[in-house]
Amino acid sequence: MYKLMIVEDEPLIRTGLKHYFSWQELGVQSIVEAENGKEGVATALREQPDLVITDIRMPEMDGLQMIEELRQFLPDTLFIILTGFNDFEYAQRAIKLGSVHAFLLKPLEYEESLTVIQECMNKLQLKQQEQRKRSTLEGSQLIKLLLEEEQPAINTNLIAELCSFKSKHYLYLPFVLAGFPIRETPSPSTRWMREQATKFIHLATEAYLPASLPRSIFTYAAKSKLYGLIVMGSQTATSIVPFETQVLTELDQYLNKLTLEHHLALYLAIGTVTNELSQITSLLHESEKLLYQRFYQNERNIFHISSIKAGATTTKPTLIQLDDNDKKRIISCIENANKQEILQLMQRLAQDILHKADGPSPDLWLAYVQEIISVIIRFANKNHIHRDGVYSDKLLNLTFVEDFHSLEVMFEWLGNWMVHLGNIYTEGLTDNHQQDVIIFEHIKSFIRANIDQDITLQMVADRFFYNPSYLSRLFKRKLDKNYMRFVTEIRMEYAQECLKKPEILVTDVCTMCGYKSYKHFVKTFRLFTNMTPSDYRKQSGW
C-alpha cells in the first residue's frame with residue numbers, strides 16, 4: 001500500500017483530487033495534504049509519501065522548487081505536476097530534466113488522468129520490488145559483514161544507498177530472532193522458520209513503530225537465527241526508545257501464540273537504539289547473547305537489552321563448579337549404562353545451573369557444561385572409545401547449545417549421549433570396527449521410527465553423536481553406499497510392507513514413507529522393484 005501527498009493552494013481542488021479517483025483501489029492507503037511548496041517540504045520529509053501530486057504555481061515556494069529540494073531526500077518518490085495549458089511547455093521541460101515523472105493537464109479528463117495515475121502506480125510497484133530484492137541481497141551482506149568483522153568498513157553513505165529513504169540522521173536497532181523446534185514434534189524446515197521470522201519482524205515493525213518514521217529492515221539468516229537491523233530516519237540525532245513495556249508484552253504474547261500453533265519456540269532479542277554505526281557490531285553480539293535468557297525465563301519469548309541490564313545485580317556472579325562427587329557419579333552412571341539413573345543425574349545438574357547461575361552472565365554456566373563434557377570425554381579416551389563415533393565438534397565447541405530451547409531438554413540430550421557411551425563401554429565395543437558395525441542397526445531403527453519425516457545426515461549425526469563427515473565416509477567404507485541410498489532402501493522396504501496391507505491407500509503409503517511428491521515416490525519405487533506401487537500390490541495378491 002502507498003501514501004499520497006497532494007500539494008495545492010486551493011482547498012477545493014485538494015478536496016476534489018482526494019475524491020476524484022478510487023485511491024483505495026489504486027493501492028493508496030493514506031493521503032496527506034499541504035497548501036504550498038514550503039509546507040509540502042516539511043510534510044514530505046515527515047510523512048515520506050510514495051507519490052506526490054503538486055500544483056506548479058503556489059505562494060512561498062512553487063511546486064518545482066519543492067520537488068528540487070525533496071529529490072535528494074526522497075529518491076524513490078514519484079512526482080506528478082498539475083499544470084494548466086499556459087504552463088504546459090514548462091511542465092514538459094521539467095519532465096525531460098528528470099525532476100518530474102508525469103503531468104496532469106487542467107481541467108482534468110478522467111480517463112486520461114486515470115491512465116497517468118495507473119502508470120505511476122505501476123512504476124511504484126516495480127521500484128518497490130527492485131528495492132526489496134536489492135535490500136534483501138545487499139542488506140544480508142551488510143549484516144553478515146557486521147557480524148564477522150570487528151571494524152567493518154561501513155559508513156552512512158552506504159546505509160543511505162541501501163535504504164529506501166534519505167534522511168538527515170539515521171538510528172539503528174539491532175535484533176536477533178531464533179527458532180527452536182520443540183521435541184517430539186516434526187521439525188519445520190529451515191526455510192519455513194526463516195519465512196515466519198521475517199514475516200513476524202515486518203509485522204512487529206509496522207504495528208509498533210510510529211507510522212511517520214521511515215525505516216528499512218535488513219536481515220541475515222544463519223542456521224536457526226535471523227540477525228537483523230532496523231534503520232530509521234530521524235530529523236535529529238537523538239536516540240529514541242521504540243518499544244515500550246506494553247508493546248513488548250504484546251509482542252511476547254504473539255510469539256508465544258506462534259510457538260503453541262507451530263510447535264516452534266521463537267525467541268526475540270532486541271538491542272538498544274543507537275545513532276553510532278560503530279556500536280552496531282557489539283550490539284548485535286550482545287543481542288545474540290540475550291537469547292540465553294530463554295534458559296532461565298521459560299515464560300518469556302522476548303528479551304530487551306535495557307530490561308536485562310536494569311535487572312542485573314551488582315554482586316559478583318556465583319562460580320558454578322562440578323564437585324568431585326558429581327564427577328564420580330557421572331563415571332559410575334556411564335559404566336552402569338543405567339538410562340534412568342543417568343537422566344535423573346543430568347536433570348539435577350540442569351537444576352543446579354538454574355539455581356546458581358547469574359542469568360545475564362552465561363559464560364560461567366557454559367564453563368560448567370564444558371566441565372561436564374570434559375569428564376565424559378576423558379572417560380571415553382581412557383577406555384579407548386573411538387572419538388568420531390561418540391562425539392563431534394558440536395560437543396567440543398559447545399555449539400550444540402544453540403539447538404535447544406530449554407536447559408532440561410539440552411541436559412536430556414547430554415544424558416542420552418552418556419547412555420550411548422555406556423552401551424558401547426558395557427558391550428565391549430571399544431574396538432573401532434565393532435563400534436562402527438553396530439551403529440548402522442541403531443541408525444536404521446531411528447529412521448524407521450521417523451520414516452515420515454525428512455531425516456538428514458546432520459540429524460542422524462547429532463542423534464548418535466557422530467561427526468557428520470566421518471559418518472558419511474563410514475557409510476561408503478563399510479556399506480559401499482552413501483547415506484541417501486541407505487535411507488531410500490529403508491523407505492522402499494517399508495513401502496513394500498505397507499502395500500501388503502489392503503486397508504492402506506497407495507497415496508497414503510507415499511506420505512507414510514516420507515515422500516511429499518507422489519510422482520517422485522512412484523519413480524523411486526519403480527527403480528527399486530521394476531514396477532509401480534499399484535502393480536506391486538496386485539502382484540502380491542492384495
Side-chain angles (χ1 to χ4, degrees), residues 179-200 223-224 257-266 403-405 409 412-413 416 420 438-464 466 468 471-472 474-476 479-542:
F180 305 91
I182 297 176
R183 61 177 177 168
E184 298 177 356
T185 60
S187 300
S189 70
T190 302
R191 180 179 177 182
W192 184 89
M193 288 192 285
R194 289 175 182 173
E195 287 175 353
Q196 289 295 310
T198 304
K199 180 181 177 181
F200 167 74
K223 296 182 179 178
S224 62
K257 180 173 176 285
L258 286 178
T259 296
L260 295 174
E261 286 179 357
H262 301 292
H263 305 290
L264 176 71
L266 289 167
D403 296 337
F404 303 97
H405 72 281
V409 177
E412 180 182 336
W413 182 80
N416 285 323
H420 176 64
I438 198 172
I439 192 60
F440 295 118
E441 288 303 316
H442 291 317
I443 292 174
K444 183 174 181 178
S445 297
F446 175 71
I447 292 171
R448 285 285 299 236
N450 300 276
I451 200 162
D452 61 335
Q453 299 181 41
D454 181 19
I455 308 164
T456 65
L457 178 66
Q458 183 67 59
M459 288 170 63
V460 172
D462 290 346
R463 172 64 180 79
F464 294 99
Y466 267 75
L471 186 58
S472 178
L474 202 61
F475 273 100
K476 194 65 180 173
L479 301 181
D480 195 26
K481 65 183 72 170
N482 61 28
Y483 169 73
M484 288 308 301
R485 175 77 183 188
F486 182 79
V487 174
T488 303
E489 287 177 355
I490 295 171
R491 293 191 194 281
M492 291 299 101
E493 179 184 291
Y494 182 66
Q496 291 173 60
E497 292 174 16
C498 293
L499 288 168
K500 292 177 182 177
K501 299 175 182 178
E503 68 273 15
I504 304 176
L505 297 174
V506 176
T507 51
D508 289 341
V509 174
C510 166
T511 306
M512 291 165 65
C513 293
Y515 288 92
K516 294 181 175 64
S517 165
Y518 181 72
K519 184 177 180 181
H520 180 49
F521 168 65
V522 172
K523 182 179 179 181
T524 305
F525 192 89
R526 181 183 280 135
L527 283 172
F528 275 79
T529 64
N530 291 319
M531 62 183 79
T532 66
S534 299
D535 289 340
Y536 179 86
R537 171 168 279 180
K538 290 176 185 176
Q539 182 174 302
S540 301
W542 299 100

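Index from 1, following the sequence. Keep in mind it's a predicted model, so treat the numbers as computed, not measured.
The stretch residues 485-499 participates, sequence neighbours left out, in these salt bridge (Lys or Arg N to Asp or Glu O under 4.0 Å) pairs: Lys444-Glu493, Arg448-Glu493, Arg448-Glu497, Lys481-Glu489, Arg485-Glu489. Applying the salt bridge (Lys or Arg N to Asp or Glu O under 4.0 Å) test to pairs two or more places apart or on separate chains, none has a residue in residues 510-535.
Contact of the Met492 side chain with the Thr524 side chain is registered, since non-hydrogen atoms from C-beta on lie closer than 4.5 Å.
Of all heavy-atom pairs between Thr511 and Asp452, the closest is O-CB, 3.9 Å. Residue Val509 comes nearest to Cys498 through the heavy atom pair CG2-CB, 3.8 Å, listed as atom of the first residue, atom of the second, then distance. Scanning all heavy atoms of the two residues, the minimum distance from Leu471 to Ile443 falls at CD1-CD1, 4.0 Å. The nearest pair of heavy atoms linking Phe180 to Asp403 is CD2-C, 3.9 Å. Residues Ile504 and Met512 approach most closely at CG2-SD, 3.8 Å, considering heavy atoms. Closest of all the heavy-atom pairs between Leu266 and Gly179 is CD2-CA, 3.9 Å.
Within the model, atoms NZ of Lys501 and CG of Leu499 stand 10.5 Å from one another, a figure rounded to the nearest 0.5 Å. Once rounded to the nearest 0.5 Å, the distance linking CG of Leu457 with CD1 of Ile455 reads 11.5 Å.
Tyr536 and Phe525 have perpendicular rings, their planes meeting at more than 60° on a 0 to 90° scale where under 30° would count as parallel. Note: Tyr483 and Phe475 have perpendicular aromatic rings, judged against thresholds of 30 and 60 degrees for the angle between ring planes.
Within the 3.5 Å criterion, the main-chain N or O of Pro468 finds no donor-acceptor partner in the side chain of Ser472.
For Phe446, the ring-ring contact (aromatic ring centres under 6.0 Å, His included) partners are Phe464, not counting sequence neighbours.
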